[in-house]
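Order of the sequence lines fixes the chain letters, A, B, ..., with proteins taken first and strands second; residue numbering starts at 1 for each chain.
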Protein chains: 2
Amino acid sequence: MNIKDVSTKLDIPADTLRYWERVGVIPPVTRATSGYRDYQPADLDWCNFAKCMREAGVSIEALIEYIDLYQQGDSTTDTRKTLLEDQLATIQAKRDAVQATYDKLAYKIAHYGQHGLNPFAHKEEK
Amino acid sequence: MNIKDVSTKLDIPADTLRYWERVGVIPPVTRATSGYRDYQPADLDWCNFAKCMREAGVSIEALIEYIDLYQQGDSTTDTRKTLLEDQLATIQAKRDAVQATYDKLAYKIAHYGQHGLNPFAHKEEK
DNA sequence: ATAAACCTTGGAGTGGGCTTTAAGGCAAGG
DNA sequence: CCTTGCCTTAAAGCCCACTCCAAGGTTTAT
C-alpha cells in the first residue's frame, strides 16, 4: 500500500506520515525495491496508534520514546508498559477536564440569557 | 486583585493573562488609575472561562470571535449561542476521541505482552 | 529617599508540529 | 519513449500560542 492510499484510508496527510517516520513516532516503514514506502498491516497499525495518541494529546516526544523502547526489543517491555500507564493517566486527566468543560458549557447554553448563571464564574453570583 | 494574584489563583502565567487580553481572548480588564490591571470578579470569570475552553482544545481564534460578539452587546446573543453550540459539538467529538483512545490503551495495558491483541490494529489480527 | 518588588508596553524570540519547496527518480498508460 | 502522476529526500518555511526581554513607571517598606 503506497503512502497516498494510507493517507486517504487513515485520513492523515502524506507529509505527516513521512514526518512521523522521520522523527521516529512510528517505526521505519517497509520499503519496495524502488525505495518507495509499501505499508504493511503492521505499519498501518503503528500509524493508527500514533494517530489515536496524538488526537488524545500525547506529545510527539513521548511517542518517540515509546517507539525507541519498542525497537530495542523485549527487554524493554516493562518500561514500555510503565510509559503507557503514565500516558493513560495523562489522557484520563485530559478526558476529565474536557468533560468538565463540556458539562459547564452545556449548562451555559441551556440557560443562555438568564442572568447570573455563568457556570464559569469563579464564585456563585447571586 | 493584581495580575500576580490572579496568576497564582487560577494557575495561568501572568504573561498569558496579558497575551489573552491583548489579542481579545478576554475582554479588557479593569484598570487602577496607575494603569495597573485590577481584576474584578467578572474579569476572573472571563479568565476562568478562557482557561477551561483552551484546556478543552478551543482555539484562540474562536474565543476572540466569541468575545468580539459579546462586546457588541445583546444584539449578538443568538449568534453567540450558536457559536457556543458549535464549540460544544467540537468538544464532544474531542471527548469521544480521547475516551476511545483511553479505552483502547487501558485494554492494551491490561493485556500487555499477549500476542495478537493490539487494540490499535487496523483490522483484527487473528 | 532609596531599594525592592511590583507593574506597564511593544516587540522579539521560542517550541511544537507540521507543511511546503526544490530537485529529482520510478511506474503505468498510450 | 513520452507523458502523467506518483514517489523520494533534505532543508527551509510556517503557524499557533505563548514566553521572554528591554526600558521604564508605581508602590511599599525601611
Legend entry - 5'-most by nearest nucleotide on DNA chain D - B:T33 or B:R54: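 Final value for this comparison: B:R54.
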Legend entry - Residue met sooner reading DNA chain D from 5', once B:S59 and B:D15 are mapped to nucleotides: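 Result of the comparison: B:S59.
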Return the value, rounded to whole Å, for the distance between atom [atom1] of [X] and atom [atom2] of [N].
X     : N      : atom1 : atom2 : answer
B:Y19 : C:dT9  : OH    : C1'   : 16 Å
B:E21 : C:dT8  : CD    : P     : 8 Å
B:D5  : C:dC7  : CG    : C1'   : 12 Å
B:D38 : C:dT8  : CG    : P     : 10 Å
A:Y36 : D:dC6  : OH    : P     : 11 Å
A:L63 : C:dG17 : CG    : C1'   : 12 Å
B:L17 : D:dC20 : CG    : C1'   : 16 Å
A:K4  : D:dG5  : NZ    : C1'   : 8 Å

Between [options], which nucleotide gets closest to the side-chain atoms of [X]?
X     : options                : result
B:S34 : D:dT26, C:dT19, C:dC26 : D:dT26
A:N2  : D:dC6, D:dT27, D:dT19  : D:dC6
A:R31 : C:dT8, D:dC6, D:dT9    : D:dT9

Legend entry - Residue whose nearest DNA chain C nucleotide is more 5′ - A:T16 or B:R22: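 Per heavy-atom nearest nucleotide, the more 5' residue is B:R22.
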Does [X] put a side-chain nitrogen or oxygen below 4.0 Å from OP1 or OP2 of [N]?
X     : N      : value
A:R37 : D:dT9  : yes
A:R18 : C:dT19 : no
A:W20 : C:dG17 : no

Legend entry - pair A:L84-B:L105: side-chain heavy atoms closer than 4.5 Å: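 Result yes, sub-4.5 Å side-chain heavy-atom pair found.
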Legend entry - Heavy-atom check, side chain of A:E55 versus side chain of A:K51, under 4.5 Å: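 A:E55 reaches A:K51 side chain to side chain.
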Legend entry - Test of ring centre spacing under 6.0 Å for A:W46 and A:Y39: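 A:W46 vs A:Y39: aromatic centres not under 6.0 Å.
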Inset, instruction - Determine, using ring centers only, whether B:Y112 and B:Y107 are less than 6.0 Å apart. - result: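 No: the rings miss the under 6.0 Å criterion.
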Inset, instruction - Would you kindly check if the NZ (Lys) or CZ (Arg) of A:K104 is within the cone defined by 45 degrees around the ring axis of B:F49 and under 6.0 Å from the six-membered ring centre? - result: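 The answer is no, since A:K104 fails at least one limit relative to B:F49.
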